[in-house]
Amino acid sequence: MSPNPQWDVPRALRVARLFHLVCGVRDACVTPFLTLYLRQLGVAAPLVGILMGTKHLIATCWIPFCAFLAKRYQKRRMFLTGSLLSSAGASLLMVLVPPVDRNLVNHFCNGSSRVATTILPLGVTQTVIMTPTQGSGAPNLPGSRHTRALDTSGFPNGSEGTFSGLQTYLVGSVEGARTTTQGLHLVTSGLRDNSQKGTFEVGNVTLNLLPGSTALGGPVNLSKPQGAQTPDHSSKESPWTFILSLGVVVFWELLAAPLEQVADDSLYEYLDFVDATDRNRDLWVWKLLGVSAGVCGIAALVGHLECFLVANGPQGVIYFYSYSLVSILALAVSTAFPVPIDQQQGPSYKAIKALSLIRGDSRLILLAFTVFWIGATASTVQDFLFWHMKDHGSSELVMGFSVALSLLGEILFHPFRTSLLRKLSRVGVLGLGLGCLALQVLYYAFIWSWWSVLPVQILSTISSGALWWAVGASIEDLAFSGMERSLGTMFRGHFYGSGCSLGSFVGGFVVLHFGIAVLYEACCVVLLLWLALFLSIQPRLPQEQRINYSKLLAMEGSDSSDSEQGSEGDWLVKAMREEHSDWKS
C-alpha cells in the first residue's frame with residue numbers, strides 16, 4: 001500500500017528541523033541584545049523592566065488565544081505566513097525610535113569624524129567625540145551648570161600612536177557641584193598600546209586614562225559614581241523614546257509571539273494522525289543550534305559590518321535588519337511546513353482540564369510556583385546580564401559566545417538525561433537545578449572582567465537543561481493520559497511567562513536603586529529560600545502516582561514475550577480500576 005503523499009513523515013521532519021533552525025537564528029538576532037539596544041537609546045532601567053515585563057505578559061496571554069483561533073478556523077498556514085511577514089516589517093520600526101541623546105544620530109563611521117556612544121552605569125551619560133586635532137591647549141570647560149566638557153587635546157602624547165592625532169571630548173551629566181563622577185576609564189578608537197597613565201580632573205569630573213584594551217573585551221570600562229547618587233534623567237528629558245519603544249515592542253510581540261506555538265501544534269497534529277509524535281522530540285536541539293549560531297553571527301556582524309551597513313544612528317540597528325532578512329528566509333521555509341488538512345474540528349477543553357488538574361494536585365501547585373520563580377530569575381539574567389558585562393568591558397562577541405556556550409552545554413549533556421533522573425529522581429534533579437541556578441546568578445553579581453562570565457556558563461547544563469528535564473518528568477508522572485502536552489504548554493507558557501514578567505518589572509527598579517550586582521544577589525537569596533521550602537514541603541505531599549496509559553502501552557508494545565504478555569495481560573484492567581477509584585474519591 002503506497003503511503004498518502006500528504007503524510008510524508010520523513011520530509012515533514014526535515015522541513016520542521018530546518019524551520020526550527022532558521023527560527024532559532026531569527027530569534028537570536030534580536031532577543032538577547034534587545035535590552036542592550038534600549039540602553040543604547042538611553043532608556044532607564046525601570047522603563048526597560050516595564051517594557052520587557054509587558055512583552056512577557058503579552059506573550060503569556062496572547063499565544064493561547066491565537067493558537068485557539070488558528071486551530072478553530074483552520075488558518076494555521078495563514079498564521080505562520082502572516083506572523084513571519086508582519087514581524088519582519090514591525091522589527092524595522094525599532095530603527096525609527098529616536099534616542100534620548102539626539103547626538104547619537106550623528107554616528108559617522110569613517111576615519112575623520114566619529115561619535116561613539118559609551119555605555120555607562122546607571123545615572124551617568126557620556127558621549128565620546130573624536131575629530132582631527134587642530135591644536136593643543138589647556139582643557140576647555142564650556143559654561144553649563146549640568147554639563148561639563150573636557151578637551152583632552154593637551155594630554156601627554158609620549159607614546160607614538162597613542163592618540164593617533166585625535167581630539168577627545170568627554171561629556172558627562174553632572175547634577176550640581178557636589179556630584180562627583182569617579183573612575184571613568186576611557187580608551188579611544190585610536191588607542192592601541194598605551195603605556196602611560198594620566199589622571200586629569202576638571203571641576204568635579206575625574207578622567208582616568210588606562211592602558212589599552214584587549215581584542216575581545218570592549219574599549220570602555222566604567223564604574224558607578226562613588227559617594228554620590230546621580231539620578232537618571234532620561235525618562236524626564238525625552239519620554240517619547242520610551243513611549244515609542246513600548247508601542248513598537250507591543251505591536252511587534254503581538255505579531256511574532258504566536259509563531260512558535262502555532263507551528264508546534266501543527267506539526268504535532270500532523271504526526272499524531274500517523275502515530276509518529278515521538279519522532280519530533282529532537283526539534284528543540286535544532287532550535288538551540290540555530291540560536292547558538294545566530295547569536296555569535298550577529299555579534300560578529302555588529303563588530304565588523306556596523307559602520308559598513310549603517311551610515312548613522314545608534315549602534316545595534318543591524319540587529320533588526322538581520323532579523324527581517326532571516327524572517328524572509330523562514331517565510332520561504334514555512335511554505336513547505338507540514339500543516340494537516342481536512343481535520344474534524346470539535347470543542348477542545350484541554351486548557352480548562354489542565355487548570356483543573358493543577359488545582360486538584362498539591363504537587364503540581366508546588367511545581368507551578370517553582371517554575372514561576374525560575375522564570376522570574378531567568379528574566380533578570382536576560383534583561384540585565386549584558387548590561388553588567390558591558391560595564392566590565394565585554395564586547396557583543398563575548399556576550400554572544402556566552403549564550404552559545406550555555407546552549408551547546410545543554411545539547412551535549414542531554415544524552416545523560418535518563419541516567420541522571422534515574423539516579424537522583426526528579427525531585428533530586430529539580431533541587432540540584434535550583435541550587436546551580438542560585439550559584440550561577442550569585443557568580444554574576446561578582447564578575448570582575450570581560451571574560452569572567454564565560455566559565456560559569458557551563459552550569460547552564462544543570463540550571464537550565466537538567467532543571468527543565470525534571471520539570472518535564474514531573475509533569476509526565478503527575479498528568480493523566482493525553483494531558484502531558486497541555487500541562488507542559490501551560491507550565492512553560494503561563495507560569496514561566498508570568499514569572500518572567502514579574503522579574504522584569506521588579507528587576508528594573510532594583511537595578512536603578514541598588515545596582516545589578518544587588519539584583520543578582522537578591523535572586524540568589526530568593527532561590528535558596530524557595531529551595532529550602534520546596535525540599536521541606538515535597539516529602540509531606542501525597543506521593544501516589546497517576547496511571548499514564550501512553551507509557552504502559554509503549555511498555556507493552558516493546559515486550560515480545562508471549563508468556564510475559566499472558567501473565568501481565570490484566571494490567572490495563574487493574575490500571576483502569578485504580579484510576580476510577582481515584583476519580584470517585
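Since this is a predicted model, take the numbers as computed values, not measurements. Values below: every heavy atom of this structure, side chains too, minus hydrogens, waters and symmetry copies.
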Counting neighbours of [atom1] on [X] that are heavy atoms of other residues, nucleotides or ligands and sit closer than 6.0 Å, is the number greater than 12?
| X | atom1 | answer |
| --- | --- | --- |
| Trp468 | CH2 | yes |
| Phe251 | CZ | no |
| Phe505 | CZ | yes |

For the side chain of [X] and the backbone of [Y], is there at least one donor-acceptor N/O pair under 3.5 Å apart?
| X | Y | value |
| --- | --- | --- |
| Ser504 | Gly49 | no |
| Ser266 | Ala263 | no |
| Arg77 | Phe337 | yes |
| His388 | Tyr444 | yes |
| Ser379 | Cys500 | yes |
| Ser460 | Gln457 | yes |
| Thr81 | Met78 | no |
| Ser394 | Met389 | yes |
| Tyr323 | Ser87 | no |
| Tyr319 | Val302 | no |

**Prompt:** Which residue, Ile243, Val249, Val250, forms the side-chain contact (heavy atoms from CB on, under 4.5 Å) with Leu246?
**Reply:** Val250
**Request:** Identify which one of Val30, Ile58, Leu92 satisfies the side-chain contact (heavy atoms from CB on, under 4.5 Å) criterion when paired with Trp252.
**Result:** Val30
Tell me whether the rings of [X] and [Y] are parallel (<30°), tilted (30 to 60°) or perpendicular (>60°).
| X | Y | answer |
| --- | --- | --- |
| Phe416 | Phe413 | tilted |
| Trp62 | Phe65 | tilted |
| Trp469 | His414 | perpendicular |
| Phe386 | Phe33 | tilted |

**Request:** Start with the C-alpha gap between Met52 and Leu34, add the side-chain angles, then the distance that decides, and say whether side-chain contact (heavy atoms from CB on, under 4.5 Å) holds.
**Result:** CA-CA 9 Å; Met52 297 303 295; Leu34 180 58; 4.0 Å; yes
Checking [Y] against [X]: is there a side-chain donor and acceptor pair closer than 3.5 Å?
| X | Y | answer |
| --- | --- | --- |
| Thr35 | Asp383 | no |
| Trp530 | Thr370 | yes |
| Thr60 | Ser498 | no |

**Request:** Sorted by first residue and then second, give each salt bridge (charged side-chain N to carboxylate O under 4.0 Å, His left out) pair with at least one member in residues 10-36; sequence neighbours left out.
**Result:** Arg17-Asp282, Asp27-Lys287
**Prompt:** Do the side chains of Phe273 and Pro340 get nearer than 4.5 Å, heavy atoms only?
**Reply:** no
**Prompt:** Tell me, do Glu476 and Arg426 make a side-chain contact under 4.5 Å, heavy atoms counted?
**Reply:** no
**Audit row: Leu412, Thr461, side-chain contact (heavy atoms from CB on, under 4.5 Å) steps and yes/no** = CA-CA 8 Å; Leu412 296 176; Thr461 58; over 6 Å; no
**Prompt:** Yes or no on side-chain contact (heavy atoms from CB on, under 4.5 Å) for Leu36 and Met399, after CA distance, side-chain angles and deciding distance?
**Reply:** CA-CA 11 Å; Leu36 196 63; Met399 300 174 190; 3.8 Å; yes
**Request:** Indicate yes or no: does Arg76 engage Glu269 in a salt bridge with an N to O separation below 4.0 Å.
**Result:** yes
**Message:** Can you tell me which residue among Asp272, Asp265, Asp264, Thr277 is in a side-chain hydrogen bond (donor to acceptor under 3.5 Å, both in side chains) with Arg485?
**Reply:** Asp265
